[in-house]
Undergrad: 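Okay, handing you the structure first.
Side chains included, hydrogens not; waters and symmetry mates left out as well; all remaining heavy atoms used. Residues take their numbers from the sequence shown, with the count starting at 1.
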Amino acid sequence: MTLKRLILIFILTPIAVLLAVLALFNSWQEPQFQSRLELYQTNIALQAQAWQSEDSKDDNLQAIREAILGEQPLESATKQYQEARESVQANLDKVNNKLAQLRSQPEITLTPPKPLPDVPPTTKTSRQGQQQLQQSFKQLQKLLAELDLRLGILQAQQGQTDTALKTWSELQQRSDINPEFGETAAALSGLWNNPLRLLPNAQELIQKNLEGWFRSTALVKLYQLQQRQDALLGVKAAQQQSAAQAVIKLAVIGTIPTLAALIGLILLILLFAQRLLKGKALLLAQNADVPWSTPWDGETILQVFVVGFFFMGQIFVPLVISLLPIPHPVADVRLQAFSVLISYLLVASGALLVLYFSLKRFFPLPEFWFRFRFQDNWFLWGLGGYCTALPIVVVVSLINQQLWQGQGGSNPLLQLALESQDGVALGIFFSTAAIAAPFFEEILFRGFLLPSLTRYLPVSGAIFISSLLFAIAHLSLSEILPLTALGIVLGVVYTRSRNLLAPMLLHSLWNSGTLLSLFVLGSN
């Protein structure tokens with residue numbers, strides 16, 4: 001056994017596996033992005049429920065409204081906020097316990113792995129870790145206070161005045177929050193209290209600490225009590241304008257994916273019926289059991305992924321970026337977006353270079369390797385695969401949410417895309433997620449890994465293993481099941497079409513749809 005093989009198998013691979021396991025374990029106690037996303041969608045639904053058409057008796061318009069918002073939008077929103085509050089309180093307790101443990105431990109040095117390629121790894125002492133936890137603790141406290149303010153308004157609007165007053169009263173009694181939240185809670189309590197207590201700075205507090213439907217609802221209540229008709233009409237007019245925009249947003253977010261998922265469901269039913277009637281799905285049977293001719297062995301596969309993918313993404317590129325004169329953390333959203341793009345391109349370039357030099361001695365490659373054919377039916381495979389993936393991944397995601405209960409971490413790029421309303425930044429995020437990521441990841445996972453595994457496994461087994469590794473590479477526990485499901489569809493599309501353009505299109509459509517939905521949700 002050569003020295004190179006010894007180093008690769010017995011040193012580099014165990015290190016890569018250990019750090020990946022630690023990264024996944026780290027994500028176990030992090031909140032899922034899905035919880036924040038659901039609150040954004042809930043807030044837009046609350047804005048939309050205030051929408052009133054000119055013809056309020058039109059049954060068709062009412063049916064459309066109910067189809068978009070549901071029959072009981074306030075009750076649904078209250079349930080969402082109660083679940084979000086429970087999740088935040090649970091995370092707050094966990095952070096508090098971690099802080100207590102760190103205070104009782106001697107200072108040590110530890111290097112927690114971070115999701116690649118977005119966030120470079122950093123070395124932190126226990127004191128620095130404690131400071132970060134304290135910052136997270138304060139952010140969670142703030143979020144909990146904001147949730148209580150909003151939850152009280154939801155309760156009050158449903159006639160649960162005593163419950164709302166209790167929610168705000170408990171908030172006022174907490175000494176660990178910004179005093180303004182307590183004052184805002186007092187102002188809201190005064191509006192719904194009997195007898196009324198109108199604080200002189202109630203309007204200022206409401207406008208500063210509430211937003212969207214919650215702000216307009218509280219201001220309507222305040223102006224009604226103050227009998228300020230002009231101000232009341234102004235708020236109601238603005239509320240109607242926001243409500244109409246919110247209805248359009250929800251229609252855009254819901255209609256396009258729903259139609260695509262419906263098409264995908266029909267395709268799945270047709271394929272299943274074809275299998276029952278003819279013994280197998282003829283379309284999906286194309287190339288189903290045909291392996292690639294693979295001239296290299298497992299050592300080359302390890303070399304590409306351990307050296308090219310993992311060490312480039314986790315060690316080399318973050319080290320290079322840390323040497324650049326860039327302030328950390330980056331505050332400007334455009335710089336954040338540009339930093340993510342450059343980091344990703346460096347990781348992709350490094351990994352593709354390792355791939356090239358690892359396979360160079362096997363040139364010319366056998367037939368069907370890294371195949372790009374523009375004059376082919378790749379577009380239909382990619383589009384059909386996207387539609388088919390939607391219902392599958394949605395079902396898997398619903399099961400996944402029940403398993404993880406709001407925990408398990410998520411890709412930090414999603415949060416940046418949701419909260420960024422800068423056009424340039426969003427354009428850069430789109431370039432990263434919808435162009436760079438599909439090109440690089442499909443070459444590596446579908447173009448190289450999947451066919452390479454057919455040397456040792458049947459095609460179906462290679463699809464599953466490559467999909468699982470594709471999901472694990474994102475280093476978030478909560479994303480493993482949905483991304484594995486997506487990877488399986490990508491693998492099926494590639495093995496049947498034998499054209500990398502097909503899974504690249506599917507991957508690009510998937511990421512584009514996610515980013516566009518985040519942009520619409522964040523544009524309040």
Side-chain angles (χ1 to χ4, degrees), residues 19-20 23-24 26-27 30-34 36-37 40 111-122 124 132 308-353 409-445 470-476 478-479 483 486 504 507-523:
L19 292 179
L24 289 170
N26 244 18
S27 71
E30 293 178 3
Q32 280 186 34
F33 173 73
Q34 186 67 24
R36 179 67 61 89
L37 190 61
Y40 268 80
T111 307
K114 296 288 183 180
L116 66 105
D118 314 75
V119 186
T122 56
K124 298 179 180 178
Q132 185 178 9
F309 185 71
F310 189 85
F311 278 90
M312 278 291 174
Q314 286 290 81
I315 296 175
F316 181 74
V317 170
L319 181 61
V320 170
I321 292 176
S322 68
L323 297 175
L324 298 177
I326 302 174
H328 294 284
V330 180
D332 184 82
V333 69
R334 292 187 182 183
L335 286 178
Q336 284 183 326
F338 187 70
S339 175
V340 168
L341 176 59
I342 293 301
S343 299
Y344 198 87
L345 290 178
L346 287 173
V347 172
S349 300
L352 292 177
L353 278 174
S410 58
N411 191 331
L413 177 62
L414 299 178
Q415 186 70 29
L416 290 173
L418 176 64
E419 296 180 348
S420 167
Q421 291 306 302
D422 183 282
V424 174
L426 287 167
I428 298 173
F429 283 138
F430 187 85
S431 299
T432 305
I435 300 174
F439 179 79
F440 167 57
E441 293 177 12
E442 291 313 306
I443 285 180
L444 203 62
F445 286 94
F470 167 71
I472 291 173
H474 289 76
L475 300 180
S476 293
S478 69
E479 295 179 330
L483 286 179
L486 177 62
M504 283 181 180
H507 199 150
S508 180
L509 288 172
W510 188 272
N511 287 358
S512 299
T514 301
L515 281 182
L516 290 174
S517 297
L518 293 177
F519 173 71
V520 172
L521 283 175
S523 60

Undergrad: Can you tell me how far OH of Tyr344 sits from OG1 of Thr432, rounded to the nearest 0.5 angstrom?
TA: 9.0 Å

Undergrad: Could you give the distance from CD1 (Ile315) to CZ (Phe310), rounded to the nearest 0.5 Å?
TA: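 Output value for this atom pair is 6.5 Å.
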
Undergrad: Can you tell me which residue pairs pass the salt bridge (Lys or Arg N to Asp or Glu O under 4.0 Å) test with a partner in residues 423-433, sequence neighbours excluded?
TA: none

Undergrad: Assess the pair Phe445 and Phe470: is the distance between their ring centroids shorter than 6.0 Å?
TA: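 That pair passes the under 6.0 Å test.
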
Undergrad: Glu442: which residues meet the salt bridge (Lys or Arg N to Asp or Glu O under 4.0 Å) condition with it, sequence neighbours left out?
TA: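 Only Arg446 meet the salt bridge (Lys or Arg N to Asp or Glu O under 4.0 Å) criterion with Glu442.
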
Undergrad: Indicate the atoms forming the closest heavy-atom contact of Ala433 with Asn511, along with that distance.
TA: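 In this case the closest contact between Ala433 and Asn511 is O-ND2, 2.6 Å.
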
Undergrad: Leu24 and Ser476: which non-hydrogen atoms are nearest, and at how many Å?
TA: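 The pair with the smallest heavy-atom distance is CD2-N, 3.7 Å.
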
Undergrad: What heavy-atom pair brings Phe309 and Ala473 nearest, and what distance separates the two atoms?
TA: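 Phe309 and Ala473 have their closest heavy atoms at CE2-CB, 3.6 Å.
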
Undergrad: Looking at Ala436 and Leu345, what are the two nearest heavy atoms and their distance?
TA: CB-CD2, 4.2 Å

Undergrad: Under the salt bridge (Lys or Arg N to Asp or Glu O under 4.0 Å) rule, what pairs show up with a residue in residues 333-352, not counting sequence neighbours?
TA: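 Salt bridge (Lys or Arg N to Asp or Glu O under 4.0 Å) check on residues 333-352 returns Arg334-Asp422.
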
Undergrad: To the nearest 0.5 Å, what is the distance between CD1 on Ile435 and CE on Met504?
TA: 12.5 Å

Undergrad: With sequence neighbours left out, what residues match Leu352 under side-chain contact (heavy atoms from CB on, under 4.5 Å)?
TA: Leu355, Phe439, Phe440, Ile443

Undergrad: Testing the basics here: between His507 and Ala437, what is the closest heavy-atom pair and its distance to 0.1 Å?
TA: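 Distance-wise, the nearest heavy atoms are CE1-O, 4.4 Å.
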
Undergrad: What residue pairs, at least two apart or across chains, pass salt bridge (Lys or Arg N to Asp or Glu O under 4.0 Å) with a residue in residues 423-433?
TA: none

Undergrad: Between Ile428 and Ala337, which heavy-atom pair has the shortest distance, and what is it?
TA: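 Scanning both residues, the minimum pair turns out to be CG2-O, 3.3 Å.
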
Undergrad: Tell me, please, which residues at least two apart from Ser512 pass side-chain contact (heavy atoms from CB on, under 4.5 Å).
TA: Phe430, Ala434, Ser508

Undergrad: Indicate yes or no for a side-chain donor-acceptor contact from Ser343 to the backbone of Ser339 under 3.5 Å, with no hydrogens or angles considered.
TA: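 Yes, Ser343 side chain to Ser339 backbone: donor-acceptor pair under 3.5 Å.
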
Undergrad: Enter the distance from Met312:CE to Leu353:CG here, rounded to the nearest 0.5 Å.
TA: 7.0 Å

